[in-house]
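For reference, the structure discussed in these notes is given below.
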Amino acid sequence: MGKKNFDSEFCGRLPLNNVNLIQDYGYLIIASRSELKILQVSENSEELFHLSPEQLITADLGKVLSGEDVKQIKIFIQNDIARRVPMELTIGKSEVHSALFHLKPDYLVLEIEGKPKSGKRKLSTVLADIQLAINSIEAESDVKGISEVAIRELKKISGFDGVLMYQFDEDWNGKVIAEEKTDLLEPYLGQTFPASDIPKQARDLYLKNPYRQIPKREFTPVSLFPVVNPVSDGFLDLSDYNLRSVPSVHIEYMKNMGINASMSIRVLNNGKLWGLISCHHIEPKYIDMELCSIFEMLSATISSKISTVLSLEDGQISAALQQTRVDIMDRLHHKNNPDTAVFNTDGKELLSLFSVGGAILALNGKKGEVGVVPDTDFVDELLLWIDNKNLSDIYYTDNLSEAFEEAGPFAKQASGLLVMPIDSKQSDYLICFRPEVEATIDWGGNPNEAITFEANGKNYHPRNSFKLWKEKVENYSTAWKDAEIDAARTLASFLSKLRLGETAE
Ligand code: BLA
């Protein structure tokens, strides 16, 4: 069996942002930007303002907020602030609620925390917590260490029953690389979860919002009133708001995991989603806006630390590759015989440059080889197959037999293939072969059952078991690294320029 991409089309189309529903742990107020007139409210706002939704949508914002708060909002509008900002709103005589203020081109949105602020947390304690967490994270020097410390600190600060670090692979499956939890939760450390568990549109939301929280799985969804936003003439796009409701498939997923509350925090590498820190709680659990802000800061710290470590590692690989590549190119310049130049020191240099088991240089109808390469007959067939591709750029795969069935029997030596075209019209190539690495993936539940449809073909469910499901992976080599691909591209273009120079003479 081979690796599969489980980011199913189906899940990727599920609507998340235009559902006109929010979770019931807070209130949403939408007002016009120019006149501060209330346009839309979540239907539960009556609890907070003691006015019906019908009464609220004919009112000015000033009727329900204090003069001071309205003044602050006007300042935000004057400054055209692009990011959401935290606020404290005084509702009624003295009740203080945390809120998030969002400014859009035509309207503004207030997400107001349901419970009044308790004022339990002291700023100095909060700052000390953050500082301690940052210090510990900064002291680590590899991804594993950073992940372990990060989840330990987050668990300590938040009190979640379980916190885990989940790293995405190139197909968006995710592997749990660090975990801290009570015994009451299932262990997931080392397990891989299919991409469809958190489909593309859900992952994309983390590029806008650093975290997502679902404090109570069995919440009662609340509609916005009126249903149609008078400015956009459609449903309000809820993608930026924490309160956005949750699709039933994910609620069921949480139930199957035995958790009532979850929170996930993004980890970015170079602006791309690299992983998520996923927090679980057996009972409902609400993280207030202040604590969310702390999570937001720590998410940024963890992301930047992981990015630094990864780019340092990449840099080291690139530097080594660069040196070997320069050596080979240098010799090519000085020697007439490309075979000996490329395959210097018995070809060991080239083999180590690309971490491959064998290589073939097909040039002027002749073939030179080093290391372990497949049978000549197969190589001839492979060359014809490569010819048909009319390559103008390098070609690489870590699963050759998938692209070229005839390669199946040669999987041991040649599961990975890297082709550097020198002159594809003349069948001139430098070809490298990577051996198979047999591996087992420990899936968190059978990924082939990631989604099941009922007999009616419409209703569907996430898998109900996350029990370890082992999959043997065959016919795969290790994946080609970005730095190796870059080095191959440079070497290919150098070889082909050299070849063009030869023919011109
Ligand atoms: C959301 N799925 C999520 C989220 C996580 C996971 C972390 C983000 C929301 C949250 O923090 O709760 C998945 N959680 C995991 C995984 C682990 C974990 C893998 O702790 C590993 C230990 N889900 C399905 C199927 C579909 C699906 C079949 O299983 C689609 C048909 C969809 N998952 C789905 C959707 C969301 C989601 C739509 C977005 C929920 C939202 O943000 O509203």
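Order of listing sets the numbers, starting from 1, for every ligand and every atom in it. In this text the structure is predicted, and so the values were computed from the model without any measurement. Note: hydrogens, waters and symmetry copies are ignored here, and every other heavy atom, side chains too, is used.
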Within 45° of the six-membered ring axis of Tyr166 and under 6.0 Å from that ring's centre, is NZ or CZ of Lys175 located there? no
For Trp480, does the six-membered ring have the charged nitrogen or CZ of Arg434 within the cation-pi criterion, i.e. under 6.0 angstrom from the centroid and within 45° of the normal? yes
Judged by non-hydrogen atoms, does [X] sit under 4.0 Å from ligand 1?
{"X": "Gly174", "value": "no"}
{"X": "Tyr206", "value": "yes"}
{"X": "His280", "value": "yes"}

Between Asp240 and Arg83, does at least one N-O distance fall below 4.0 Å, as a salt bridge requires? no
Is [X] close to ligand 1, meaning an N/O of one under 3.5 Å from an N/O of the other?
{"X": "Tyr188", "answer": "no"}
{"X": "Tyr253", "answer": "no"}
{"X": "Tyr166", "answer": "no"}

Name the orientation class of the two ring planes belonging to Tyr27 and His97 (parallel below 30°, tilted from 30 to 60°, perpendicular beyond 60°). perpendicular
Looking only at non-hydrogen atoms, find the nearest pair between Pro226 and Leu39 and report the distance. CD-O, 3.4 Å
Numbering the atoms of ligand 1 from 1, which are under 4.0 Å from a heavy atom of Arg244? 41 (C), 42 (O), 43 (O)
Counting each atom of ligand 1 from 1 as listed, which ones have a heavy atom of Arg212 under 4.0 Å away? 41 (C), 42 (O), 43 (O)
I'd like to know whether the aromatic ring centres of Tyr253 and Phe193 sit less than 6.0 Å apart in this structure. no
